[in-house]
Amino acid sequence: MTYKRYTVTAALPYANGPIHIGHLAGCYLPADIYVRYLRLKGEDVLFICGSDEHGVPITIKAKKEGITPQQVVDKYHEIMGGAFREFGVSFDIFSRTSSKTHHETASGFFKTLYDKGVFKEEVTEQYFDEKANQFLADRYIIGTCPKCGNENAYGDQCEKCGSSLNPTDLINPRSTLSGEKPVLKKTKNWFLPLDKMQPEIEAYIDSHKEWKPNVFGQCKSWLNSGLQPRAMTRDLDWGVKVPIEGAEGKVLYVWFDAPIGYISATKEYLSPAGRAGEGLWELYWKDKETKLVHFIGKDNIVFHCIIFPAMLMAEGSYILPDNVPANEFLNLEGDKISTSRNWAVWLHEYLIDFKDKQDTLRYTLCANAPETKDNDFTWKDFQAKNNNELVAILGNFINRTLVLTHKYYNGKVPDAMEYTKNDILLLEEISKFPERIASSIEHYRFREALAELMNLARAGNKYLADNEPWILIKTDEKRVQTIMNISLQIVANLTVLMEPFLPFTSKKLGAMLNLNPGLKWKDAARTDLLLVRHQINPASLLFDKIEEEAITAQVQKLADSKKMNETANKTIEPSKPETSFDDFNKMDIRIGTILEAERVPKTDKLLKLLIDTGIDKRIIVSGIAAYYKPEDIIGQQVSILVNLAPRKIKGIESKGMILMAENSAGELGFIMPNKPSMNNGDRIK
RNA sequence: UGCGGGGUGGAGCAGUUGGUAGCUCGUUGGGCUCAUAACCCAAAGGUCAUCGGUUCGAGUCCGGUCCCCGCUACCA
């Protein structure tokens, strides 16, 4: 099937944090490569994105920072948009879901489905936080797990025993927003009856067996377990208002609203209200000859492959996604990327730390993209890919070719006089590259496509090494002209073929070669892009080596943020259940002094202490060796639980327990009176 | 717990309908000097997570087990 035009979307990034390398590798970079390639082919393509600005987490972030949700999304919309632009992600439009067009489009879409009687209305009881005056998502309710007694189970799942829960299962539920006990309140919501739509959804999925295994498999899994109706509205005040009577205080579910953002962004771009072109957007969403492709990360698969298509089917006039090439996740230095833990390489920071090195990051992320499974980004690998591949193979081939051309011919392209048999073989080989790379890109195999591009540069290096023009120049000047002509043609072809992957470098190189900027993808199959006597400009280096210091600095930056998190960002444990004075009084806590201290052999943490409790002198084994050296704590005053049942630890009988304060980093400290008049045996109460 | 994806030489990946494992980087040795000590050639390096089965023959098919990730707050 051939298409007249393409609508390509990249997942709307959630506007509560900046963009990091995981976003890029998973979604935006492959999408951009795909789109740039299509444009080079001369296809009619629209590249759509925008920030996703609704949903509960944004309201919570706003509350935390004491600003309005609008201020939160304004801030991140700005940061993300700027970073994308500077990184060369070539969206035709980067819109936002808080825009007027979007509110109108999304609510209109909902209204259409409502009028068609698609939705099922249902009244349910949900937990409501009276203090915060809002309904609570499952995840914002914690309480005691009915199965294992864990006091901090979430409303949807207990992380201790793994059982999945309903918020109403929790014993003693509390709101994480206010800490108050939430109340059950009736609320009406509108559900998309996915259960009824299952047959047509299934037929749709089954017609796309070519989808990536992770995508197809995930869809089948959902279908096999039977689709359930899903609420498309939420009780919240931040979002697109539900456009029907009796729905005050309700907004569209973000997952209903967000994908419609693709449509509203298209409208905004092509059909500005009241201007010519009204309705043009529909070509890109409703015409059967348009190919719709969604680039997303693996967490979004069901929404894009099942729920959004179901919405489009229910509406009736839209085309369905032709493919949803979801990538897996990128890890960073062995750990999951996390916005909240600040474990990430932020794009806006990268652009400052590695100025004008967009293409290095683009190369690294593409070469190492998590296409089939999760991958790991390491700074060391980033450095290696830059130095050993971009600099040594691609940059070097181009540089040596241009340097020789200037040296021998003052920058004028020499004539190819006579081809040898090997020349002809190489020229044939070269002409196959555009086709080969194209095929990889069209099958969403971007790593493979990039590797092929590098193979062309490798072929160039080999050609130079095999033919040694720097030696022949002394004996066979004529032959050298042909060799250099061929090498230059390879450089010209590289300029075109690298554009989707390395657009900044391509532009720079094109200027160096004085190459016609209007060249198309298919031109790269030719071997005469540079005409004889064409003048090229002075050569400069396309890539610089990245030195050790730059890498160490980045690694250090990550280490710092890890440390900061451990201390600052850890949540304070909620209080234990109420206890009685009598229970407390059963504990006999006294002041004591450490008389002797020694390490317990073959252990990391234990110290054997001799304590004067005022009552007696006794041995206590305590797990504090990581924080105190034995010799430093002799004479230290401490608090001891003296009536704790004795226990053998590593063969030593420990009678009692030293009380310690523990901070969020797990660091321990003694608890002692702050007056000198307190003596051994004095009570703590 | 369930479902889905993944587990291949030091690192990152290919392995099509089953026939004694390929590529890039790194490592080692050699060559070259036009080039950012870059380039070219060669070599070493894998019981294909693990156990069992089907088969003349399995990384590739079937079954069990282990590990990582997603579906499950933030999040691609």
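Remember, predicted model here, so these are calculated numbers, not experimental data. Letters A, B, ... mirror the listed sequences (proteins, then strands); counts begin at 1.
Residues A:His304 and A:Tyr262 place their aromatic rings such that the two centres sit under 6.0 Å apart. In this structure, the ring of A:Phe308 has its center no less than 6.0 angstrom from the ring center of A:Phe303.
Across all strands shown, B:rG4 forms a Watson-Crick or G-U wobble pair, both distances under 3.5 Å, with B:rC69. B:rA43 is paired with B:rU27 under the Watson-Crick or G-U wobble criterion, all donor-acceptor distances under 3.5 Å.
Ion pairing of A:Asp423 with A:Arg479 is present here, as a side-chain N (NZ or NE/NH1/NH2) and a carboxylate O approach within less than 4.0 Å. The pair A:Glu429-A:Arg436 counts as a salt bridge, with a side-chain nitrogen and a carboxylate oxygen less than 4.0 angstrom apart. Salt bridge A:Lys298/A:Glu328: present, at least one basic N to carboxylate O contact under 4.0 Å.
Nearest nucleotide to the A:Pro57 side chain, out of B:rC74, B:rC40, B:rC32: B:rC74. Relative to the side chain of A:Arg230, the nucleotides B:rU72, B:rC32, B:rU24 differ in distance, and B:rU72 lies closest. Here B:rG70 is the nucleotide among B:rG70, B:rG6, B:rA35 with the atom lying nearest to any side-chain atom of A:Phe329. Nearest to the side chain of A:Asn396, among B:rA38, B:rC71, B:rC74, sits B:rA38. The side chain of A:Asp299 lies closest to B:rG70, out of B:rA14, B:rC32, B:rG70. For A:Asn461, the listed nucleotide lying nearest its side chain is B:rC40; candidates were B:rC74, B:rG70, B:rC40. With distances taken from any side-chain atom of A:Glu468 to the nucleotides B:rC32, B:rG6, B:rC74, the minimum falls on B:rC32. Closest to the side chain of A:Lys462, from the set B:rC71, B:rC34, B:rC41, is B:rC41. The listed nucleotides are B:rG12, B:rU36, B:rC25; the one nearest the side chain of A:Glu389 is B:rC25.
Spacing between B:rA14 and B:rU24 at atom P, rounded to whole Å, works out to 15 Å. Comparing the P positions of B:rC51 and B:rG9 gives a spacing of 15 Å, expressed to the nearest Å. Comparing the C1' positions of B:rC56 and B:rG19 gives a spacing of 10 Å, expressed to the nearest Å. Taking atom P in both B:rC48 and B:rA11, one finds a spacing of 16 Å when rounded to whole Å. Nucleotides B:rC23 and B:rA37 have their P atoms positioned 28 Å apart, rounded to a whole Å. Taking atom C1' in both B:rG29 and B:rG45, one finds a spacing of 15 Å when rounded to whole Å. Nucleotides B:rU55 and B:rC41 are separated by 42 Å at their C1' atoms, to the nearest Å. Only the C1' atoms considered, B:rU27 is 23 Å distant from B:rU33, to the nearest whole Å.
Of the possible donor and acceptor atoms, one in the side chain of A:Tyr350 sits under 3.5 Å from a partner among the backbone N and O of A:Lys357. Of the possible donor and acceptor atoms, none in the side chain of A:Tyr28 sits under 3.5 Å from a partner among the backbone N and O of A:Ile21.
Distance NZ (A:Lys220) to C1' (B:rG4): 13 Å, rounded to an integer number of Å. Remark: P of B:rU36 and CD of A:Glu548 are 21 Å apart, rounded to the nearest angstrom. For A:Arg458 and B:rC41, the CZ to C1' distance is 15 Å, given to the nearest whole Å. Atom CD in A:Gln383 sits about 18 Å away from atom P in B:rA11, given to the nearest Å.
Among the atoms of the strands shown, none is found under 4.0 Å from any heavy atom of A:Asp376. Within the 4.0 angstrom heavy-atom criterion, only backbone atoms of the sugar-phosphate kind lie near A:Ala392; the bases stay farther away. Counting non-hydrogen atoms under 4.0 angstrom, A:Asn387 reaches nothing in the nucleic acid. Among the heavy atoms of the strands lying under 4.0 Å from A:Leu542 is at least one base atom, whether or not backbone atoms are also near. Within the nucleic acid shown, A:Thr401 has no heavy atom closer than 4.0 Å to any nucleic acid atom. Residue contacts for A:Lys407: at a heavy-atom cut-off of 4.0 Å it reaches the sugar-phosphate backbone alone, with no base atom in range. Contact annotation for A:Pro13: backbone-only contact, meaning every heavy-atom pair under 4.0 Å involves sugar-phosphate atoms and none involves a base. Within the 4.0 angstrom heavy-atom criterion, base atoms lie near A:Leu541. Using a 4.0 Å heavy-atom distance criterion, A:Ile393 is classed as a sugar-phosphate-only contact. Nucleic acid contact class of A:Phe295 (heavy atoms, under 4.0 Å, all strands): none. Across all strands, A:Ile471 comes closer than 4.0 Å only to sugar-phosphate atoms, never to a base (heavy-atom distances).
Of the side-chain N and O atoms in A:Lys545, one or more sit less than 4.0 angstrom from OP1 or OP2 of B:rA38. Checking the phosphate oxygens (OP1, OP2) of B:rC34, no side-chain nitrogen or oxygen of A:Ser487 falls inside 4.0 Å. Under 4.0 angstrom from either OP1 or OP2 of B:rG26 there lies at least one side-chain N or O belonging to A:Asn388. Here A:Lys373 does not reach the OP1 or OP2 of B:rG7: none of its side-chain N or O atoms lies under 4.0 Å away. Side-chain nitrogen and oxygen atoms of A:Arg447 include at least one within less than 4.0 Å of the OP1 or OP2 phosphate oxygen of B:rA14.
Contact detail for A:Phe216 and A:Ile205: the closest heavy-atom pair is CE1-O, 3.4 Å.
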